[in-house]
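Chain naming here is simple, since letters A, B, ... match the order of the sequence lines and numbering starts at 1 in each.
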There are 2 protein chains.
Amino acid sequence: MAMKALSKATIYQVAQLAGVSIATVSRAMRDSDLVTQQTRERVWAAARQLRFTPSRLGRSLAEGRHAANGIVFPDLVGPYYAEVILGYEAAAAGFGSSVLILATSGRDDAEAAVRELAGRVDGLTVMGQTVPDEVITSLAVPVVLLARDPVPGVDTVRARNAGTAKQLVEHLLGHGHRRFTFVGDPDVAPDVRGRWDGVRQALSKAEPPHLVRTQGFDLEAGERAPLQPGRAVVCANDEIALGVLLAAEKAGLRVPEDLAVTGWDDLLAARFAGLTTVRQPMRELGATAARWLNRRITEDTEHPAAPRRRVLPTRLVVRRSCGIHSPEVHR
Amino acid sequence: MAMKALSKATIYQVAQLAGVSIATVSRAMRDSDLVTQQTRERVWAAARQLRFTPSRLGRSLAEGRHAANGIVFPDLVGPYYAEVILGYEAAAAGFGSSVLILATSGRDDAEAAVRELAGRVDGLTVMGQTVPDEVITSLAVPVVLLARDPVPGVDTVRARNAGTAKQLVEHLLGHGHRRFTFVGDPDVAPDVRGRWDGVRQALSKAEPPHLVRTQGFDLEAGERAPLQPGRAVVCANDEIALGVLLAAEKAGLRVPEDLAVTGWDDLLAARFAGLTTVRQPMRELGATAARWLNRRITEDTEHPAAPRRRVLPTRLVVRRSCGIHSPEVHR
DNA sequence: TTGAAAGCGCTACCAC
DNA sequence: GTGGTAGCGCTTTCAA
């Protein structure tokens, strides 16, 4: 006897095998109480035999919803985005929504890709400067912005940048540092812009900080940054800072004696490099975005709630690289 | 005049506005050369005016394909999975396929979630021991296994484990280490089992290694592992190894003098902790899985190719933690 | 409790 | 070139 092909069975085949109508199969599969136990079992048996899994396509089309939402991010490099996405996925799963991901980095058609994605989901979370504002506002599905400058009428979740950056600079001032360098590009990511703003604000009455613009935000960017002894180097993120650390070591500069260095994100590596940094609630960022998006998706379109804004707190994590601490060294 | 609602327009509305049939709209939207330039522009104008984006649902249903595939993984903790997924997404985007993600960790209904996911995609990549083999084989879509023990008839991509683990142990033997401990749980992940097997093989004629089973694979697991000076501690991954490093420092044990420690994955942190480890081609793993899956999806179902197996090479990265090196210290 | 049938939005085939 | 229309697989009235 020939092997039964396990290609996708449809509701019609199940109905035929079970000797019922497709309506009954539909009901039985979704545990409607409009079918008798006996019928339900007949249908289930048929479904199992045919390896029937209802097509989401048919279902979604009929229901008018995808039961899925998407998240757009620049890249997945470094643990930051991964953690955010994980928090997002977990929250989305909580209300029965699948998650589609889209990385825009290294894609020349980011906008088209986002539009295409928008057609597959009930809502979209957009991280950072992945696409222009016009795209955001012209999408036909609800959007939540994450780590991005607010757009009128759109919900936005961010992590505190400027405030904690000021705190960081004040801590460095407390160590006696007076000359500051900021490494990163404020024009590329809103998060970085916020950190840079905070640094400048904190130094508004002191010597203004240097800005070293980097090409990217990775180790290499930090390694390429010019080093000047006696400065406090505030980096846009941990990877750059770690690159600076590497370059300093190569150049024979001691940290923090000759050079103070700080990062942002509190990567695992920061702990082992003794890097002073700032911790962000990454999963919480993702989870919040997912929850808000779900609210938008399910809300009454006639009476939409006012746009929400939230800035989640971040926390300074002091380690060795920012200066000598009197009694103990933190880890 | 009331604001035009920007809710999803359908092909019918565009057709009406443009004064053509839906068939023509369909053609015009997909740049078919069966429409005149003039008509095309009329349709485009109407579409723009209505903010029309073709529904993927309708399209997919009609075309009989989702143009999407899924990847299932246990968790997104640590850069490992993130990198794999990024490689996967990039490759999938290359042939016009969207990516759905599913994290099974912390989900009690992993199997149901995978089946549901299978109904939304043209194919599925399954990483590690996320669901039982029976689920894999009973899915109605093509599957590629990633970092998982092969299942008959299913494509599998893995990274070399046992071979490089042997090499690692031989390196440690070269340093004079004779007593080994392996930290991790070989029964939880096939990758870990492979590494453990390699360690045992390399020591088949020497004193057999201890096995310290951990609960998870994170820093805490490593910190909790009992420490015995004079042993070479081969850890299942970098996070555990870093935990061991932390615990050793706390216990006043010097690495590598009192204790040799090695990890696996070559996280960024490993570099800064001076941890000897093994590097995996993570993106390449993901990209390979995506490519193979695409081949399965598009192949002639009547004449399926034989199941493919591939083991990608991994590379020993020697740093300080495994023992004293004569001239220079590697970074 | 079950069945028949009308969509959901789109593609593709067949006429014109 | 363009239009009409039959599905694609499912949910959901409306009847029976």
Checklist outcome for this item: Stems of at least 3 consecutive Watson-Crick or G-U wobble pairs (donor-acceptor distances under 3.5 Å) involving DNA chain D, listed by first number, are C:1-16 with D:1-16

Checklist entry - For B:L50, does its backbone N or O pair with a side-chain atom of B:Q13 as donor and acceptor, under 3.5 Å? => result no

Checklist entry - Do side-chain atoms of A:W292 reach the backbone of A:R309 as a donor and acceptor pair under 3.5 angstrom? => result no

State whether [X] and [Y] are salt-bridged, where the test is any N-O pair (Lys NZ or Arg NE/NH1/NH2 against Asp/Glu carboxylate O) under 4.0 Å.
X: B:D33; Y: B:R40; result: no
X: A:E284; Y: A:R310; result: no
X: B:R296; Y: B:D122; result: no

Item to check | Partner of A:R148 by side chain to side chain donor-acceptor pair (under 3.5 Å), out of A:D133, A:D191, A:T156 | outcome: A:D133

Next on the checklist: Within a 6.0 Å radius of atom CD on B:E63, are there more than 12 heavy atoms belonging to other residues, nucleotides or ligands?
Outcome noted: yes

Checklist entry - Has A:Q38 got more than 12 heavy atoms of other residues, nucleotides or ligands less than 6.0 Å from its CD? => result no

Item to check | With sequence neighbours excluded, residues passing side-chain contact (heavy atoms from CB on, under 4.5 Å) with A:R30 | outcome: A:S26, A:R59

Item to check | B:Y80 vs B:M127, side chain to side chain contact (heavy atoms under 4.5 Å, CB included): CA-CA, chis, key distance, verdict | outcome: CA-CA 12 Å; B:Y80 171 72; B:M127 292 188 74; 4.0 Å; yes

Checklist outcome for this item: Contacts of A:A62 and B:E63 projected onto DNA chain D by closest heavy atom; the upstream (5') one is B:E63

Next on the checklist: Quick check on DNA chain C: between A:S21 and B:T53, whose nearest nucleotide comes earlier from the 5' end?
Outcome noted: A:S21

Next on the checklist: Going by side chain to side chain contact (heavy atoms under 4.5 Å, CB included), A:L124 matches just one of A:N69, A:I71, A:V114. Which one?
Outcome noted: A:V114

Item to check | Contact boundaries on DNA chain D for chain A, cut-off under 4.0 Å to non-hydrogen atoms | outcome: D:dG9 to D:dT13

Item to check | Value rounded to 0.5 Å, distance of CD1 in A:I22 from CE in A:M29 | outcome: 13.5 Å

Checklist entry - When you measure from every atom of DNA chain D, which of residues 36-44 of chain B have a heavy atom less than 4.0 Å away? => result B:T36, B:T39

Checklist entry - Is it true that the side chains of B:R115 and B:S138 contain a donor and an acceptor less than 3.5 Å apart? => result yes

Checklist outcome for this item: Ordered by number, residues from residues 22-35 of chain B within less than 4.0 Å of DNA chain C (heavy atoms) are B:I22, B:A23, B:S26, B:R27, B:R30

Checklist entry - Could you walk me through whether B:L102 and A:E89 pass the side chain to side chain contact (heavy atoms under 4.5 Å, CB included) check? => result CA-CA 7 Å; B:L102 173 62; A:E89 200 269 351; 3.8 Å; yes

Item to check | Boundaries of the chain A footprint along DNA chain C (any atom under 4.0 Å from a heavy atom) | outcome: C:dT1 to C:dG9

Checklist entry - How far apart are the C-alpha atoms of A:L146 and A:F73, what are their side-chain angles, what is the distance that settles it, and do they pass the side chain to side chain contact (heavy atoms under 4.5 Å, CB included) test? => result CA-CA 9 Å; A:L146 205 166; A:F73 48 88; over 6 Å; no

